[in-house]
Amino acid sequence: MDRIRTRFAPSPTGFMHLGVLRTALYAWLYAKKNDGNFILRIEDTDRARYVEGAVEVIYNTLKTCGLFWDEGPDIGGDYAPYIQSERMKSGLYMKYALELIEKDAAYYCFCPPESENCPCRDLKGEANESQPAEFVIRQKSPKDGETSFYDKIFGEITVPNSEIEDQILIKSDGMPTYNFANVIDDHTMNITHIIRGTEFLSSTPKYILLYESLGWTPPAFIHVAPIMRDSSHKLSKREGDAYFSDFTEKGYLVEAVINYIALLGWAPGGENEFFTLDELADEFDLKGISKSPSIFDETKMRAINAHYIRNLSPEDFKKLALPYIGEHKIDYALLCAALQPRAEVLSDITPQVDFIEKVCAYEIDLYNNKKMKTSPETALVALKEAVCTLEKHEFNRDSLYNAFKASAEESEVKIGYFLYPLQVALTGKQAAPGGGLDICIMLGKDESIKRIKEAVEKLS
RNA sequence: GGCCCGUUGGUCAAGCGGUUAAGACUCCGCCCUUUCACGGCGGCAACAGGGGUUCGAGUCCCCUACGGGUCACCA
């Protein structure tokens with residue numbers, strides 16, 4: 001059996017849409033799972049839509065995701081070139097278009113765009129002198145009967161030939177259309193499995209007809225349903241985020257994004273839902289791909305991202321968190337340890353560390369806490385005592401904890417009677433990355449005492 | 001509109017003729033606890049509707065509804 005070859009054939013139109021990335025991922029996974037090759041091909045037959053730097057975005061995204069290709073424009077391969085505009089230079093597409101005309105499976109059309117009742121279909125042969133110089137080459141599809149093919153996800157699909165129009169193969173600028181170039185490239189590159197979106201499901205019979213006319217065996221088709229923003233709209237840039245870069249910039253981890261989109265439209269065999277790329281490649285199976293569109297849920301992706309963040313080593317987390325924390329005089333090890341379980345995405349960090357430079361502005365009723373049984377009045381007492389405690393005892397967590405604990409027992413209150421007001425005094429926040437004592441240690445003795453004294457003044 | 005495809009909790013989804021219809025996220029409750037989280041335990045919540053076939057249907061067939069795709073010299 002031939003080695004499996006899948007391809008990712010994006011158009012360089014700008015950013016990497018998550019849906020497109022997922023298609024690339026599936027193609028990569030299918031190749032790796034079956035010990036095959038993953039080929040990258042750039043489809044740039046539309047000169048008007050060409051975007052500067054877009055090819056680099058494709059390279060970079062694939063690389064950061066770990067989806068390395070075995071053949072491609074930059075690394076070459078046995079079927080080079082891998083950019084359609086380059087491939088066209090050899091006359092590749094025109095050659096096959098002419099072959100189709102030869103076989104009466106295509107014809108020249110001289111009609112202006114959008115004209116109806118084109119008479120060219122019945123004109124045998126080539127352009128003659130009296131015709132306009134501009135022409136296109138159209139596929140000559142049968143009028144009767146039906147065409148069917150087998151999709152590995154959807155099964156047998158049959159379309160009446162009357163629905164298949166004479167699509168353009170070669171445009172008047174001499175470039176092949178996407179559909180035509182696709183067929184020629186996939187065959188000449190020996191692609192065995194085409195993985196793409198369901199938007200191509202109904203045009204696949206046209207492809208089949210082309211393969212048949214050329215006497216080629218069609219590859220296997222695997223159509224994947226789209227990622228939706230809601231039940232009736234595709235995920236798009238129009239409303240909210242849709243590009244891979246949108247999420248990495250927000251502080252999502254690459255591994256988490258890949259893990260999440262792999263699960264959007266595909267279900268693994270077991271109950272586990274956390275996979276590395278390699279584990280995905282082992283698990284990947286076409287059986288798990290769903291036929292219906294999936295709605296993108298950022299809340300779920302956040303949860304997955306949170307799991308990845310929590311599983312980071314303290315060193316890795318610190319490295320990733322630093323840009324979101326900034327430069328401060330604080331115990332970074334303690335801070336990061338507190339932050340790690342509190343960040344679902346990295347950008348959650350920034351609003352949590354705003355108390356470090358200075359206490360956040362707050363109203364004194366923040367000292368009211370039902371559960372801790374505190375109020376501005378009790379806080380004043382507790383904070384005054386806290387200053388003494390900090391000054392009298394060795395400045396470390398255990399010794400201070402024991403001191404506060406002893407005071408609490410003596411006064412027959414919970415330790416929170418002291419520590420909640422301490423937290424408020426030190427941060428000005430109702431919720432902080434760590435309790436009063438933790439923050440105290442992070443900030444250091446002098447800074448803590450200074451802030452508590454300020455709070456005492458505020459309360460007096 | 002024609003043609004093609006789809007429809008299990010709010011979301012992702014398992015299921016492949018006989019199940020108390022998994023699991024995850026969300027939400028709620030409890031426990032842990034110096035706040036908030038993390039973690040642990042528990043809970044709410046679904047087979048689009050109608051006909052068949054069958055001893056038996058989420059699973060097979062048909063119809064309806066709803067949703068998506070496609071009908072470009074765009075990819």
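Below, read A as the first sequence line, B as the second, and so on, with proteins coming before strands; counting in each chain starts at 1. Computed from heavy atoms alone, side chains included, the values below leave out hydrogens, waters and symmetry copies.
When Watson-Crick and G-U wobble pairs are counted only if both distances are under 3.5 Å, B:C30 pairs with B:G40. In this structure, B:C66 and B:G6 make a Watson-Crick or G-U wobble pair, each of the two defining distances being under 3.5 angstrom. Pair assignment for B:U19: none, as no Watson-Crick or G-U wobble contacts are both less than 3.5 Å. A 3.5 Å limit on both hydrogen-bonding distances identifies no Watson-Crick or G-U partner for B:U54. Look at B:G1: its Watson-Crick or wobble partner, with both distances under 3.5 angstrom, is B:C71.
Within the 3.5 Å criterion, the main-chain N or O of A:H328 finds a donor-acceptor partner in the side chain of A:Y332.
Across all strands, A:S172 comes closer than 4.0 Å to base atoms (heavy-atom distances). Residue A:I168 is classed as a base contact, given a heavy-atom separation below 4.0 Å to a base. Across all strands, A:R310 comes closer than 4.0 Å only to sugar-phosphate atoms, never to a base (heavy-atom distances).
A:R397 places its CZ atom 11 Å from the C1' atom of B:U33, with the value rounded to the nearest Å. Summarising the geometry, the separation between CD on A:Q139 and C1' on B:C71 is reported as 14 Å, rounded to the nearest angstrom. Between the OH atom of A:Y260 and the C1' atom of B:A13 there is a distance of 11 Å, rounded to whole Å. If you take NE2 of A:H223 and P of B:C4, they are 16 Å apart, rounded to a whole angstrom. We find that CD1 of A:I227 is positioned 17 Å from P of B:G68, with the value rounded to whole Å. If you take CZ of A:F110 and C1' of B:C73, they are 15 Å apart, rounded to a whole angstrom. Between the CD atom of A:E156 and the C1' atom of B:C5 there is a distance of 14 Å, given to the nearest Å. In this entry the distance linking CZ of A:F404 with C1' of B:U35 reads 15 Å, nearest Å.
Between A:Y367 and A:Y362, the ring-plane angle classifies as perpendicular under the 30° and 60° cut-offs. A:F404 and A:F418 have tilted rings, their planes meeting at an angle from 30° to 60° on a 0 to 90° scale.
B:G9 sits 13 Å from B:C27 when the C1' atoms are compared, rounded to a whole Å. Taking atom P in both B:G68 and B:C62, the straight-line distance is 23 Å, to the nearest Å. With P as the reference atom, B:U20 and B:U11 are 26 Å apart, rounded to whole Å. Straight-line distance between the P atoms of B:G17 and B:U59: roughly 11 Å, to the nearest whole Å. To the nearest whole angstrom, the two P atoms, one in B:U53 and one in B:C41, are 48 Å apart. With P as the reference atom, B:G10 and B:G6 are 23 Å apart, rounded to whole Å. Straight-line distance between the P atoms of B:C61 and B:C71: roughly 29 Å, to the nearest whole Å. When the C1' atom is used for both B:A46 and B:G15, the distance is 13 Å, rounded to whole Å.
Contact annotation: A:R196 does not reach the phosphate of B:A75 (side-chain N/O to OP1 or OP2, under 4.0 Å). A:Y401 has a side-chain polar atom (N or O) that falls below the 4.0 Å cut-off from OP1 or OP2 of B:U34. OP1 or OP2 of B:C74 lies within a sub-4.0 Å distance of a side-chain N or O belonging to A:K171.
In this structure, A:K371 forms no cation-pi arrangement with A:Y420, as its terminal cationic atom is not both closer than 6.0 Å to the ring centre and no more than 45° off the ring axis.
Using a 4.0 Å cut-off on heavy atoms, none of the residues of residues 346-360 of chain A approach RNA chain B. Against RNA chain B, the stretch residues 374-393 of chain A makes no heavy-atom approach under 4.0 Å. Contacts of residues 426-441 of chain A with RNA chain B (heavy atom under 4.0 Å): A:Q430, A:A431, A:A432, A:G434, A:G435, A:G436, A:L437, A:D438.
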Let me have the donor-acceptor pairs involving side chains of residues 194-201 of chain A, under 3.5 Å, with sequence neighbours excluded, atom names and distances please.
| unit_1 | atom_1 | unit_2 | atom_2 | d |
| --- | --- | --- | --- | --- |
| A:R196 | NH1 | A:T204 | OG1 | 3.3 |
| A:R196 | NH1 | A:H223 | NE2 | 3.2 |
| A:R196 | NH2 | A:Y207 | OH | 3.0 |

Residues 256-274 of chain A, side-chain donor-acceptor partners within the protein, below 3.5 Å, at least two apart:
| unit_1 | atom_1 | unit_2 | atom_2 | d |
| --- | --- | --- | --- | --- |
| A:N259 | OD1 | A:F275 | N | 2.8 |
| A:N259 | OD1 | A:Y308 | OH | 2.4 |
| A:N259 | ND2 | A:E273 | O | 3.1 |
| A:Y260 | OH | A:D297 | N | 2.9 |
| A:Y260 | OH | A:D297 | O | 3.3 |
| A:W266 | NE1 | A:D285 | O | 3.0 |
| A:N272 | OD1 | A:F274 | N | 2.9 |
| A:N272 | ND2 | A:F274 | O | 2.8 |
| A:E273 | OE1 | A:K300 | NZ | 3.3 |
| A:E273 | OE2 | A:K300 | NZ | 3.3 |

Query - Worked check of salt bridge (charged side-chain N to carboxylate O under 4.0 Å, His left out) between A:D354 and A:K358 - result: CA-CA 8 Å; A:D354 53 1; A:K358 63 176 183 13; over 6 Å; no

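Remark: A:Y401 pairs with no residue by the ring pair (Phe, Tyr, Trp, His ring centres under 6.0 Å) rule, at least two apart or across chains. With sequence neighbours left out, the side chain to side chain contact (heavy atoms under 4.5 Å, CB included) criterion links A:R310 to A:A306. Every residue was checked against the side chain to side chain donor-acceptor pair (under 3.5 Å) condition with A:S399, not counting sequence neighbours, and none meets it. The ring pair (Phe, Tyr, Trp, His ring centres under 6.0 Å) test applied to A:Y82 returns no partner, not counting sequence neighbours.
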**Report entry** Under 4.0 Å protein heavy-atom contact, by nucleotide of nucleotides 58-67 of chain B - B base, S sugar-phosphate only
**Finding:** ---------S

**Report entry** Base-contact (B) and sugar-phosphate-only (S) positions in nucleotides 20-26 of chain B, heavy-atom cut-off under 4.0 Å, - elsewhere
**Finding:** --BSBSS

Report summary line: Under a 4.0 Å heavy-atom criterion, the protein footprint on nucleotides 40-47 of chain B, written with B, S and -, is --------

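With contacts defined as side-chain heavy-atom distances shorter than 4.5 Å, the pair A:I330/A:I325 does not qualify.
Residue order along RNA chain B, read from the 5' end via each residue's closest nucleotide, puts A:G288 first among A:G416 and A:G288.
Between the NZ atom of A:K392 and the CG atom of A:L400 there is a distance of 12.0 Å, given to the nearest 0.5 Å.
Of all nucleotides listed (B:U34, B:U7, B:A72), B:A72 comes nearest to the side chain of A:E165.
No more than 12 heavy atoms of other residues, nucleotides or ligands sit less than 6.0 Å from atom CG of A:D144.
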